[in-house]
Amino acid sequence: MEKFTTHRGVGAPLKQSNVDTDQIIPAVYLKRITKTGFDDALFAGWRKNPEFVLNQPEYRNASVLVAGADFGTGSSREHAVWALRDYGFKAVISSRFADIFRGNSGKQGLLAAQVDQSDVELLWKLMEEQPGVEIQVDLESRTVTCGPVTVPFQIDDYTRWRLMEGLDDIGLTLQHEADIDAYERTRPAFKPTTLPART
Amino acid sequence: MTSTQTTAPRTLAEKVWNDHLVRQGEAGRPDLIYIDLHLLHEVTSPQAFEGLRLAGRGLRRTDLTIATEDHNTPTENIFSTIADETSRKQIETLRRNCEEFGVRLHSLGDAEQGIVHVVGPQLGLTQPGMTVVCGDSHTSTHGAFGALAFGIGTSEVEHVMATQTLSLAPFKTMAINVEGTLKPGVSSKDIILAVIAKIGTGGGQGHVLEYRGSAIRSLSMEARMTICNMSIEAGARAGMIAPDQTTFDYVQGRPHAPQGEDWDAAVEYWKTLHTDEGATFDREVFINADELEPFVTWGTNPGQGVPLSQAVPDPEDAGDDNAKDAARRALEYMGLEAGTPMKQIPVDTVFLGSCTNSRIEDLRAAAAIVKGRSKAENVRVMVVPGSAKVRLQAEAEGLDKVFTDFGADWRFAGCSMCLGMNPDQLAPGERCASTSNRNFEGRQGKGGRTHLVSPVVAAATAVRGTLSAPSDLDPVA
């Protein structure tokens with residue numbers, strides 16, 4: 001995973017709440033077995049509409065998405081994060097993220113920055129006044145800056161640290177392999193195993 | 001047990017969490033939690049297996065891992081080659097991966113194949129007090145047994161494969177107290193739809209919901225699974241119900257249930273898995289079961305629901321500007337007008353299936369309604385058992401005959417029309433009363449319109465052709 005400290009890029013306003021992962025990437029695109037190449041699948045249903053925000057010339061190269069509350073609800077598909085990443089988004093700003101989506105983002109170097117709903121609306125207003133305006137997200141200071149306005153965002157300390165260091169989760173856990181071995185020795189005998197198979 | 005000794009009263013979720021602590025996080029770091037059971041399916045696993053391969057890692061505990069094929073699979077002609085090339089390739093990839101890494105797999109055509117959240121409990125692999133994960137948000141289903149069960153993304157799937165653990169910050173807890181007695185025709189699906197309408201699709205964010213109260217205690221295991229299944233639709237990480245005699249009776253005798261002395265030790269432990277007197281939840285919600293009616297969604301998220309006896313709500317009554325805007329968008333997508341009585345809305349399709357409502361009790365309840373009746377003309381009715389085992393049991397009870405006499409399609413097991421991924425899909429504009437869990441735009445097929453309902457409401461709707469409760473039906477002649 002690449003290290004993330006700060007990013008500056010064109011902001012795109014997605015003025016909707018409850019953007020579920022079926023909208024971010026419809027199920028039909030989940031049949032692929034690769035982890036990249038999902039840019040065409042992002043918001044596939046909505047992108048057919050010429051009015052959709054990402055079809056407007058000023059937002060075509062957007063890399064910071066500013067969306068309504070409850071972004072990423074529904075299915076656990078990490079493909080939603082891969083599609084955002086492959087399209088070119090580095091950060092998503094919302095007033096509330098679904099838990100699984102937020103977790104998946106942190107594993108893939110996509111910053112999920114939580115701000116107050118009033119700040120989402122302020123950013124929407126700034127983007128409407130000046131379409132194509134750039135937004136800066138700074139993970140060090142946990143702030144979002146757009147023009148003259150700077151607002152704080154929330155992210156948990158651990159995810160922030162991992163993003164800033166670009167650390168692989170599995171590698172970190174395997175440092176504690178002795179603890180896992182020790183735990184396994186204490187598991188009760190009545191816990192089920194899938195093998196040998198009984199039917 | 002490895003349980004942390006403490007005298008402070010604890011919630012059920014805290015007990016299960018503590019009993020799986022491999023390592024307590026220090027200085028703001030997450031805890032390392034052991035995973036007792038890892039369920040796999042074809043959609044969210046290929047990239048995780050590939051990750052292991054690229055890193056030269058093995059799968060740590062194949063004996064705590066099991067896979068099935070469900071999302072991509074057809075529910076007709078299951079014995080011929082899968083027609084869709086990318087679906088076929090994904091299924092073949094799962095088969096190759098399971099073989100290479102030594103994972104037990106129940107493939108299409110196998111007697112144990114089915115929806116992953118039906119298969120686990122059916123085999124007796126889901127038991128109280130376990131941690132259960134799967135790359136699938138509806139893993140919350142298994143919480144009905146008093147397990148801590150939740151969906152994860154593919155990176156976490158790979159993490160569990162490699163380490164049998166997850167790094168997690170502790171969840172908050174919320175009590176959903178449901179007291180009273182359900183009226184006839186009202187089911188556990190209506191309880192959970194009412195909960196979601198009350199707390200909203202983000203209301204449970206960061207929380208484990210514990211469903212409690214007399215109405216919950218009186219439910220069967222399968223009805224409890226329906227409730228816990230849709231915890232994710234309330235935004236929660238997981239849903240749980242404390243195990244009791246109903247739970248023990250359901251588990252006992254299943255293929256992977258403990259036996260002999262192990263059974264006694266297990267039950268002794270399971271009996272400790274309840275929220276202690278005096279334990280506090282971060283939040284509490286109260287629902288009166290006596291007042292619940294059959295529920296139905298009118299919009300494009302599961303929180304947009306009303307009692308079936310009511311009308312399509314007016315977006316102008318929907319809270320703040322964002323909620324009004326969301327409601328207007330939803331009505332436009334759904335092709336509905338505010339003020340239309342829900343029961344006057346005609347449907348094109350009725351879908352009985354999905355990990356929410358495809359178990360034998362669901363099929364029995366629907367069959368009891370349609371028996372001796374004919375389906376409404378012009379309505380397509382699909383009945384899709386949750387597993388091959390459920391299908392066989394239904395056939396042994398003659399339910400398949402009841403459904404086919406009624407005019408329904410009797411299918412093989414799989415996720416089917418719950419998600420637009422296999423051949424079972426809605427056409428653009430097609431309207432469906434569905435026992436599944438998500439009414440998102442395009443969820444059941446591009447442009448499809450979904451109304452979430454219980455199995456008995458689905459059955460009554462299939463009879464009348466408009467959204468209906470069982471009490472709306474004329475007696476069988």
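Lettering follows sequence order; numbering is per chain, from 1. Being a predicted model, the structure only gives us computed values, none of them experimental.
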Below 4.5 Å from any heavy atom of chain A, which atoms of [X] appear? Answer side chain, backbone, both or neither.
X: T65(B); answer: backbone
X: T62(B); answer: both
X: Q259(B); answer: side chain
X: N437(B); answer: neither
X: R237(B); answer: both
X: L32(B); answer: side chain
X: L123(B); answer: side chain
X: L64(B); answer: both
X: A257(B); answer: backbone
X: A326(B); answer: side chain
X: T154(B); answer: both

Minimum heavy-atom separation for [X] and [Y], please, with both atom names.
X: S75(A); Y: R443(B); result: CB-NH1, 4.4 Å
X: S137(B); Y: S76(A); result: N-OG, 3.5 Å
X: G129(B); Y: K191(A); result: O-NZ, 3.5 Å
X: S155(B); Y: K35(A); result: OG-NZ, 4.4 Å
X: L30(A); Y: Q90(B); result: O-NE2, 2.8 Å
X: R187(A); Y: D36(B); result: NH2-OD1, 2.7 Å

Counting distance only, does the side-chain N/O of [X] pair as donor-acceptor with the main-chain N or O of [Y] below 3.5 Å?
X: E441(B); Y: Q23(A); answer: no
X: D99(A); Y: Q205(B); answer: no
X: Q47(B); Y: R32(A); answer: yes

Exactly one of D63(B), L125(B), L37(B) clears side chain to side chain contact (heavy atoms under 4.5 Å, CB included) with T193(A), and that residue is D63(B)
Where on [X] is there a heavy atom nearer than 4.5 Å to chain B: the side chain, the backbone, both, or neither?
X: D179(A); answer: both
X: T21(A); answer: neither
X: D168(A); answer: side chain
X: D169(A); answer: both

Next item on the list: Indicate whether any N or O donor in one side chain lies under 3.5 Å from an N or O acceptor in the other, for N322(B) and S17(A).
Entry: no
In this structure, CZ of R23(B) is separated from OG1 of T173(A) (nearest 0.5 Å) by 10.0 Å
Taken to the nearest 0.5 Å, the spacing of Q304(B) CD from N18(A) CG works out to 7.0 Å
Look at R60(B) together with E184(A) and state whether they make a salt bridge at an N to O cut-off of under 4.0 Å.
yes
So do [Y] and [X] actually touch side chain to side chain, heavy atoms under 4.5 Å?
X: D70(A); Y: N301(B); answer: no
X: D84(B); Y: K31(A); answer: yes
X: E156(B); Y: E78(A); answer: no
X: H176(A); Y: V22(B); answer: no
X: V28(A); Y: K446(B); answer: no

Just give me the residue among [options] that pairs up with chain B most often, heavy atom to heavy atom, under 4.5 Å.
options: A44(A), A182(A), A69(A), G74(A); value: G74(A)
options: T73(A), L174(A), D157(A); value: L174(A)
options: P196(A), A98(A), A189(A), A80(A); value: A189(A)
options: F101(A), Y29(A), F97(A), Y158(A); value: Y158(A)
options: I170(A), N104(A), L195(A); value: I170(A)

For the pair Y183(A) and H20(B), name the ring-plane relationship: parallel under 30°, tilted 30 to 60°, perpendicular over 60°. tilted
